[in-house]
Amino acid sequence: GDSVTQMEGPVTLSEEAFLTINCTYTATGYPSLFWYVQYPGEGLQLLLKATKADDKGSNKGFEATYRKETTSFHLEKGSVQVSDSAVYFCALSDLGGKLIFGQGTELSVKP
Amino acid sequence: DVKVTQSSRYLVKRTGEKVFLECVQDMDHENMFWYRQDPGLGLRLIYFSYDVKMKEKGDIPEGYSVSREKKERFSLILESASTNQTSMYLCASSPVDRDSYEQYFGPGTRLTVT
């Protein structure tokens, strides 16, 4: 079945460091891909998405490119801030319209 | 602004009690979902619904049931709460959009069963 694998956390970075969170997937067909973010004590918010191969999603300085050849959707940010501390979830949409989530990666940014 | 609301942010119940978690969306979305979130396990789908009075089992439906009497409301029911149902419960909704299936989430209900 469809699945999503994310790099394990927690990831701890200093402010202004470069961030990469790896995400790879297995899917039937051509799913849409998503990154969601969960700040402490809150629900999930959509961070960015890509609906077809080679699309780049971007928002708030974060970017991810839909790579069909490597079945990946890695999240990157050039300079993280303390306010980026959160849990990040990679997800794909299956043929029935459900989302399949990775296990989440906790990011902690220190000043 | 799109909105999904859940009836409680925090809930404490006793073992054996019947528990109702309510979710309401104001976006006229067809699809609604219930997940539970546990550390290290990510989000796991409990039940979902593509239309009023319609429901489908997700990956972990045991011990739960749902009700969708109106399009905007999707309720999760724990018939007899147990301690292993202590978790964060998240509700989501999405339109029928084959280009993305983007889901919108509520703030979550942290349920503790003692």
Side-chain angles (χ1 to χ4, degrees), chain A residues 1-11 21 23-25 27-53 55 57 59 64 66 73 86-106 108, chain B residues 1-10 21 23-25 27 29-51 54-61 87-110:
Chain A
D2 296 353
S3 66
V4 175
T5 303
Q6 292 180 231
M7 65 186 283
E8 289 193 22
V11 173
I21 300 178
C23 172
T24 57
Y25 68 90
T28 306
Y30 304 99
S32 293
L33 301 174
F34 305 84
W35 276 102
Y36 279 84
V37 60
Q38 185 179 35
Y39 298 104
E42 298 184 13
L44 274 69
Q45 303 173 25
L46 179 68
L47 181 60
L48 53 84
K49 68 181 182 183
T51 58
K52 59 184 187 296
D55 267 4
N59 186 25
Y66 189 162
F73 193 54
V87 181
Y88 293 81
F89 292 92
C90 184
L92 64 81
S93 59
D94 72 5
L95 293 175
K98 302 190 300 295
L99 293 186
I100 310 295
F101 288 88
Q103 74 271 33
T105 302
E106 183 180 358
S108 177
Chain B
D1 202 15
V2 298
K3 204 157 188 181
V4 179
T5 57
Q6 296 184 228
S7 49
S8 305
R9 293 298 300 272
Y10 300 93
L21 303 182
C23 175
V24 178
Q25 50 98 0
M27 297 163 282
H29 285 168
E30 290 79 8
N31 305 333
M32 296 189 76
F33 306 84
W34 274 106
Y35 298 89
R36 64 176 282 175
Q37 181 182 9
D38 300 288
L41 297 177
L43 274 72
R44 293 180 291 169
L45 183 62
I46 305 172
Y47 267 97
F48 59 102
S49 170
Y50 288 146
D51 203 351
M54 179 267 176
K55 60 185 178 185
E56 294 283 347
K57 292 180 180 179
D59 300 317
I60 52 164
S87 187
M88 170 73 93
Y89 290 87
L90 293 165
C91 175
S93 70
S94 74
V96 177
D97 177 0
R98 295 187 183 279
D99 287 337
S100 77
Y101 291 118
E102 176 183 340
Q103 290 185 15
Y104 297 82
F105 283 81
T109 296
R110 186 166 292 282

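Keep in mind that what you see is a predicted model, and the values were worked out from it rather than measured. Throughout, a chain's letter reflects where its sequence line sits, starting with A, and its residues are numbered from 1.
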Can you tell me if [X] has over 12 outside heavy atoms packed within less than 6.0 Å of its [atom1]?
{"X": "E8(A)", "atom1": "CD", "answer": "no"}
{"X": "R44(B)", "atom1": "CZ", "answer": "yes"}
{"X": "Y30(A)", "atom1": "OH", "answer": "no"}

Give, for atom CD of Q37(B) and atom CD of Q38(A), the distance between the pair rounded to the nearest 0.5 Å.
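Going from CD on Q37(B) over to CD on Q38(A), the span is 4.0 Å.
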
How long is the gap from CG on L90(B) to CZ on F101(A), to the nearest 0.5 Å?
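If we round to the nearest 0.5 Å, L90(B):CG and F101(A):CZ are 8.5 Å apart.
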
Please report the shortest heavy-atom distance between F34(A) and E102(B), naming the atom on each side.
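Taking F34(A) first and E102(B) second, the nearest heavy atoms are CE2-CA, 3.8 Å.
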
Under the 3.5 angstrom rule, does the side chain of Y36(A) hit a backbone N or O of F105(B) as a donor-acceptor pair?
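It does not hold such a pair.
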
Answer yes or no: is there a side-chain heavy-atom contact under 4.5 Å between [X] and [Y]?
{"X": "I100(A)", "Y": "L45(B)", "result": "no"}
{"X": "Y35(B)", "Y": "L99(A)", "result": "yes"}
{"X": "K98(A)", "Y": "F33(B)", "result": "yes"}

Toward chain A, the part of R9(B) with a non-hydrogen atom under 4.5 Å
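For R9(B), the contact with chain A is made by the side chain alone.
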
Is chain B contacted by the side chain of L44(A), its backbone, both, or neither, given a heavy-atom distance below 4.5 Å?
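Backbone plus side chain of L44(A), per the 4.5 Å heavy-atom cut-off to chain B.
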
